[in-house]
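Working notes for the structure below.
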Amino acid sequence: MSGLRTVEEHLADVLADAAPLSGERVPLADAHGRTLSESVQAAVDIPVFDNSAMDGFAVRYADVADATPDTPATLRVVADLPAGTAADPRLAPRDTARIMTGSPVPSDADAIVPFEDTAGGLADSLGSISVLRAPRALGAHIRRAGEDARAGEEVLPAGILLGALQVAAVAASGVADVVVSRRPRVAVVSTGSELVEPGAPLRRGQIPESNSVLLAALAADAGAEVVRRASVPDEPGELDTLLAEVTDPRSPRCADVVVFSGGVSAGAYEVVKTTLAGTMTFSKIAMQPGKPQGLGRLPSGTLLFGLPGNPVSAAVSFEVFVRPALLRMQGRQALDRPVLTLRAASGWRTPPGRRQYLPVTIDRADPRAWRVIPATTGGSHLAGGLGRAEAYAVVPAEVDAVAAGDLVDVMLIS
């Protein structure tokens with residue numbers, strides 16, 4: 001459409017303004033949910049030492065290589081090795097040590113025989129044992145030191161999110177603290193004289209305010225620290241005062257990013273556009289919902305986003321523009337949500353010349369053929385339907401309509 005910028009053009013401007021934040025060293029216990037700013041090298045081998053993968057017996061492979069149920073190998077048990085032991089018993093020919101999973105393998109042993117491959121198993125595991133089945137090969141059931149990683153090798157690269165699996169890998173590598181990116185400090189400001197707190201009595205013309213709750217939660221999910229959540233009426237003086245508070249460089253809670261909702265369109269009372277004209281650039285983007293967008297930066301460096309006021313528009317705009325910026329500021333390698341290609345369960349209309357982001361649910365009744373179902377009728381004001389959404393169907397601007405059975409790109413958000 002004439003006069004509209006593409007999503008890619010606006011996103012490029014957003015990411016160019018999203019300067020990476022500094023790193024800070026934190027204990028591993030506090031690192032979950034943070035973005036790794038420096039790569040992690042193993043401090044110890046993983047595993048640290050050769051250890052048993054089974055409960056059973058540490059043996060010399062040559063002593064049991066020919067064992068069968070008809071011709072068992074009888075061995076003398078000379079030691080008992082629980083997990084955590086430091087013992088390294090000498091094993092003479094036809095000697096064995098009872099060993100538990102994770103215990104260090106004796107230097108003289110080169111295979112493990114599980115309890116189930118002996119005549120008596122655990123119940124008859126001291127004194128002498130009869131091996132009924134030979135290990136499959138030399139080294140059977142032994143986890144070798146360093147087979148996962150050697151001390152000094154990279155365990156995790158910079159730029160990844162430290163989830164549960166990642167912090168466990170760091171712990172296993174013997175590292176006690178990591179360098180992570182500072183969380184972006186975000187202030188969320190919802191504008192509109194019609195807005196009142198949820199649960200408050202409503203007079204004619206008023207609605208419960210939900211955008212600040214929505215955007216604050218989305219910012220926190222993206223790894224940000226929400227330092228202020230507020231709602232202001234359509235009066236420039238109040239917005240000026242609030243903006244001065246949240247961007248005061250003397251405050252430890254000074255915002256790196258301010259996200260406004262509302263006040264950026266073409267109406268008569270667009271408080272964000274009126275107050276920040278000259279500081280922010282206001283554009284029309286070829287997308288639906290979310291056509292009006294504002295972007296700017298204060299002299300202090302605070303990044304400003306102006307999002308539309310309708311809840312679905314605000315949510316989509318955050319996903320497409322604000323979330324990638326917050327991830328870029330944290331040094332995250334991957335900025336995009338996962339995308340699947342699924343078939344539409346039913347058809348829907350699309351806006352001419354604009355990329356559509358439609359809230360959808362996913363029908364998983366047939367695990368081999370998931371289908372996409374619209375969560376709303378497409379209105380950008382339908383906050384209730386937004387609550388059911390698991391994803392956004394992303395339909396290119398050149399597609400006139402989606403029909404049942406059409407393949408659709410689906411951006412997962414939950």
Side-chain angles (χ1 to χ4, degrees), residues 1 4-18 184 186 188 190 211-212 214-224 257-265 272 280-297 303-330 332-341 350-351 353-360 372 374-376 378-383 385-386 389-399 402 408-414:
M1 294 179 71
L4 300 186
R5 304 188 76 207
T6 67
V7 170
E8 289 76 16
E9 287 171 339
H10 190 66
L11 181 59
D13 289 346
V14 166
L15 295 180
D17 276 339
V186 176
V188 175
S190 187
N211 278 359
S212 70
L214 164 72
L215 297 172
L218 289 173
D221 287 347
V257 177
V258 179
V259 181
F260 301 102
S261 67
V264 298
S265 192
V272 175
M280 297 180 70
T281 299
F282 297 93
S283 306
K284 295 180 180 179
I285 313 301
M287 61 186 288
Q288 191 253 5
K291 183 170 74 171
Q293 297 288 329
L295 178 66
R297 184 181 290 279
L303 186 59
L304 307 176
F305 285 94
L307 311 185
N310 280 317
V312 182
S313 300
V316 167
S317 299
F318 186 98
E319 283 294 331
V320 178
F321 301 121
V322 185
R323 182 177 182 273
L326 295 178
L327 299 186
R328 172 65 62 85
M329 294 172 76
Q330 295 169 78
R332 193 77 64 83
Q333 287 179 351
L335 305 183
D336 299 327
R337 294 279 200 181
V339 175
L340 301 177
T341 301
T350 61
R354 289 194 283 165
R355 182 182 302 171
Q356 184 184 46
Y357 294 84
L358 181 70
V360 295
V372 174
T376 74
S380 60
H381 61 295
L382 301 174
L386 182 63
E390 302 173 79
Y392 294 116
V394 183
V395 184
E398 60 271 19
V399 174
V402 173
V408 180
D409 285 342
V410 177
M411 179 173 68
L412 302 179
I413 58 173
S414 65

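- No side-chain heavy atom of Leu358 sits under 4.5 Å from any side-chain heavy atom of Val395.
- Distance OG1/Thr350 to CD/Glu398: 10.0 Å, rounded to 0.5 Å.
- Lys291 has its side chain out of reach of Pro308: every pair of non-hydrogen atoms, C-beta onward, lies at least 4.5 Å apart.
- The CG atom of Asn211 sits 8.0 Å away from atom CG of Asn310, with the distance rounded to the nearest 0.5 Å.
- A heavy-atom distance below 4.5 Å is found between the side chains of Val7 and Val320.
- Taking each heavy atom of Ser313 and Pro289 in turn, the nearest pair found is OG-CB, 3.2 Å.
- With hydrogens and angles ignored, the 3.5 Å screen pairs no side-chain donor or acceptor of Arg354 with any backbone N or O of Ala286.
- The backbone N or O of Val399 lies less than 3.5 Å from no partner atom in the side chain of Gln356, so there is not a single donor-acceptor pair.
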Step by step, would you call Leu412 with Arg337 a side chain to side chain contact (heavy atoms under 4.5 Å, CB included)?
CA-CA 6 Å; Leu412 302 179; Arg337 294 279 200 181; 5.7 Å; no
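- Put simply, the side chain of Thr281 does not reach to within 4.5 Å of the side chain of Asp13, judged on heavy atoms.
- Closest heavy-atom contact between Leu327 and Leu335: CB-CD2, 3.6 Å.
- A distance of 9.0 Å separates CE in Met280 from CD in Gln293, rounded to the nearest 0.5 Å.
- The structure places CG of Leu295 at 8.0 Å from CG of Leu304, a figure rounded to the nearest 0.5 Å.
- Residues Arg355 and Glu8 are in side-chain contact: their nearest non-hydrogen atoms beyond the backbone lie under 4.5 Å apart.
- What you find for Ala18 and Leu303 is that their closest heavy atoms are CA-CD2, 4.5 Å.
- When side chains are defined from C-beta on, Phe318 counts as touching Leu326, because their heavy atoms get closer than 4.5 Å.
- Ala222 and Arg323 make their closest contact through CB-CG, 4.2 Å (heavy atoms, listed as atom of the first residue, atom of the second, distance).
- Considering CG of Leu218 and OG of Ser317, their distance stands at 11.0 Å, rounded to 0.5 Å.
- Taking each heavy atom of Ile413 and Ala389 in turn, the nearest pair found is CD1-O, 4.4 Å.
- We find the CG-CZ distance between Leu11 and Arg5 to be 10.5 Å, quoted to the nearest 0.5 Å.
- In this structure, the ring pair (Phe, Tyr, Trp, His ring centres under 6.0 Å) partners of Phe321, at least two apart in sequence or on a different chain, are His10.
- The two residues Ala224 and Val186 have their closest heavy-atom pair at CB-CG2, 3.6 Å.
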